[in-house]
Amino acid sequence: MATNITWHPSLSRRERNQLRNQRGLTIWLTGLSASGKSTVATALEQHLLHLGLAAYRLDGDNVRFGLNKDLGFSEKDRNENIRRISEVAKLFADASTIAITSFISPYRADRDLARELHAQTSQDGDEPIPFVEVFVDVPLEVAEQRDPKGLYKKARAGEIKDFTGISAPYEEPANAEITIKTHENTVEECVAQITNWLSAKGYIKSEVKN
Ligand SMILES: Nc1ncnc2c1ncn2[C@@H]1O[C@H](COP(=O)(O)OP(=O)(O)OP(=O)(O)O)[C@@H](O)[C@H]1O
Ligand SMILES: [Mg+2]
């Protein structure tokens, strides 16, 4: 544990957001494998970038291959994976960027920790970083039928253990800000559902262009 460390005050988050003309926040996608998290996250990121907003996606590839390459899939490592992702999302959001995370994050306690870490950012009297939980809701049968990476097939064959939805639980969110159903709506409709919600909250202006 580091001691003798001092937090250097800088511009407040509010001032930074005003200067950047953008509110930083975290959009946390959660759902079964193949529910469409990465697909929607990518389309959402592109949409926001085209509006002239800073947005950045945190996904398995850029996190597990780098920052978290020392972590496996034990319960302890999964918790640490989510904790680090939350902290990194917070840093992006603190820098007035829209951080979009797309991880299965099957445990309610982990998602609640991510939410709590964001809520704590109001402790210094500054505006808190909003945490927007998006439940990518799809029946298991649909996800299993899609199976774009062949993971369900392997899990059914017993080649992957502790696979969410098959041999490990997925705890559905009870209070997600947004629920999208990718088996009923197109990718574009799902993206619009999220951006409409963000606009209604005043987190983004609908047609921002700098
Ligand atoms: N409306 C939709 N929204 C998102 N994905 C859709 C939709 N309709 C069909 N799909 C398909 O569903 C699959 C979703 O795969 P994707 O990799 O995005 O899932 P994921 O939730 O990121 O899974 P994992 O947790 O394994 O990374 C893709 O093949 C995508 O083309
Ligand atoms: Mg994915």
Side-chain angles (χ1 to χ4, degrees), residues 26-50 55-69 71-75 77-86 88-89 92 98-111 113-114 131-173 176-198:
T26 295
I27 299 175
W28 189 282
L29 303 176
T30 170
L32 294 171
S33 178
S35 59
K37 299 178 299 297
S38 296
T39 305
V40 171
T42 305
L44 175 63
E45 181 190 39
Q46 282 180 24
H47 182 82
L48 294 170
L49 288 168
H50 281 288
Y56 190 69
R57 210 164 41 84
L58 295 167
D59 204 328
D61 291 357
N62 58 14
V63 173
R64 283 251 180 216
F65 283 131
L67 177 71
N68 290 357
K69 70 175 175 191
L71 299 178
F73 290 90
S74 68
E75 196 182 336
D77 281 4
R78 279 178 191 256
N79 291 347
E80 178 61 10
N81 187 43
I82 298 292
R83 191 193 67 79
R84 285 188 204 169
I85 292 160
S86 308
V88 174
F92 274 96
I98 298 176
I100 307 165
T101 70
S102 42
F103 300 89
I104 298 176
S105 42
Y107 298 108
R108 207 168 286 143
D110 288 340
R111 298 189 303 263
L113 171 69
F131 180 83
V132 183
E133 190 172 339
V134 179
F135 178 25
V136 185
D137 184 13
V138 106
L140 176 63
E141 307 82 74
V142 174
E144 189 164 0
Q145 209 175 8
R146 288 179 179 167
D147 207 9
K149 304 178 196 163
L151 297 176
Y152 283 95
K153 201 156 169 260
K154 283 191 184 165
R156 288 285 184 202
E159 289 166 33
I160 309 176
K161 61 181 183 103
D162 298 333
F163 192 75
T164 303
I166 305 292
S167 43
Y170 178 77
E171 298 175 358
E172 293 195 357
E177 276 76 7
I178 306 171
T179 297
I180 56 175
K181 293 182 184 284
T182 62
H183 55 300
E184 292 177 0
N185 297 106
T186 64
V187 178
E188 292 71 29
E189 286 166 347
C190 293
V191 167
Q193 218 184 314
I194 298 171
T195 53
N196 287 341
W197 189 94
L198 294 173

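The first residue of the sequence shown is numbered 1, and numbering continues consecutively from there. We count ligands from 1, going down the list as the structure has it; atoms in each ligand are counted the same way.
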Does some non-hydrogen atom of [X] fall short of 4.0 Å from ligand 1?
X: Ala34; value: yes
X: Leu32; value: yes
X: Ser102; value: no

Rounded distance (nearest 0.5 Å) linking atom [atom1] of [X] with atom [atom2] of [Y]:
X: Asn68; Y: Leu58; atom1: CG; atom2: CG; value: 10.0 Å
X: Asn81; Y: Arg83; atom1: CG; atom2: CZ; value: 10.5 Å
X: Asp59; Y: Glu45; atom1: CG; atom2: CD; value: 9.5 Å
X: Asp110; Y: Ser86; atom1: CG; atom2: OG; value: 8.5 Å

Please name the pair of heavy atoms, one in [X] and one in [Y], separated by the smallest distance, quoted to 0.1 Å.
X: Thr30; Y: Lys37; result: C-CD, 3.8 Å
X: Arg84; Y: Leu67; result: NH1-O, 3.4 Å
X: Glu189; Y: Glu184; result: OE1-O, 4.4 Å

Inset, instruction - Name the orientation class of the two ring planes belonging to Phe103 and Trp28 (parallel below 30°, tilted from 30 to 60°, perpendicular beyond 60°). - result: tilted
Inset, instruction - Kindly indicate whether the side chain of Glu144, heavy atoms from C-beta on, has any atom under 4.5 Å from the side chain of Leu32. - result: no
Which protein heavy atom lies closest to [atom], and at what distance to 0.1 Å?
atom: atom 21 (O) of ligand 1; result: Lys37 NZ, 2.7 Å
atom: atom 1 (N) of ligand 1; result: Asn185 O, 2.7 Å
atom: atom 27 (O) of ligand 1; result: Lys149 NZ, 2.9 Å
atom: atom 16 (P) of ligand 1; result: Thr39 OG1, 3.6 Å

Legend entry - Close N or O approach (Leu151, ligand 1; < 3.5 Å): no
Inset, instruction - Answer yes or no: does an N/O atom from Gly36 fall short of 3.5 Å to an N/O atom of ligand 1? - result: yes
Inset, instruction - Only heavy atoms count here, so choose which of Lys181, Glu184, His183, Arg146 is nearest to atom 8 (N) of ligand 1. - result: Arg146
Legend entry - Proximity winner for atom 17 (O) of ligand 1, if only heavy atoms of Ser33, Ser105, Ser35, Ser38 are counted: Ser38
Legend entry - Contacting atoms of ligand 1, where contact means under 4.0 angstrom from a heavy atom of Ile104: 25 (O)
Inset, instruction - Determine if the distance from atom 24 (P) of ligand 1 to the closest protein heavy atom is below 4.0 Å. - result: yes
Legend entry - Proximity of Val136 to ligand 1 by residue part, where a heavy atom lies under 4.0 Å: neither
Inset, instruction - Report the part of Asp59 (side chain from C-beta onward, or backbone N, CA, C, O) that has a heavy atom under 4.0 Å from ligand 1; answer both or neither where that applies. - result: neither
Legend entry - Metal check, the Mg ion (ligand 2) vs Ser102 N/O/S, cut-off below 2.8 Å: no
Inset, instruction - Might you confirm whether atom CD of Gln145 has over 12 heavy atoms from other residues, nucleotides or ligands at distances under 6.0 Å? - result: no
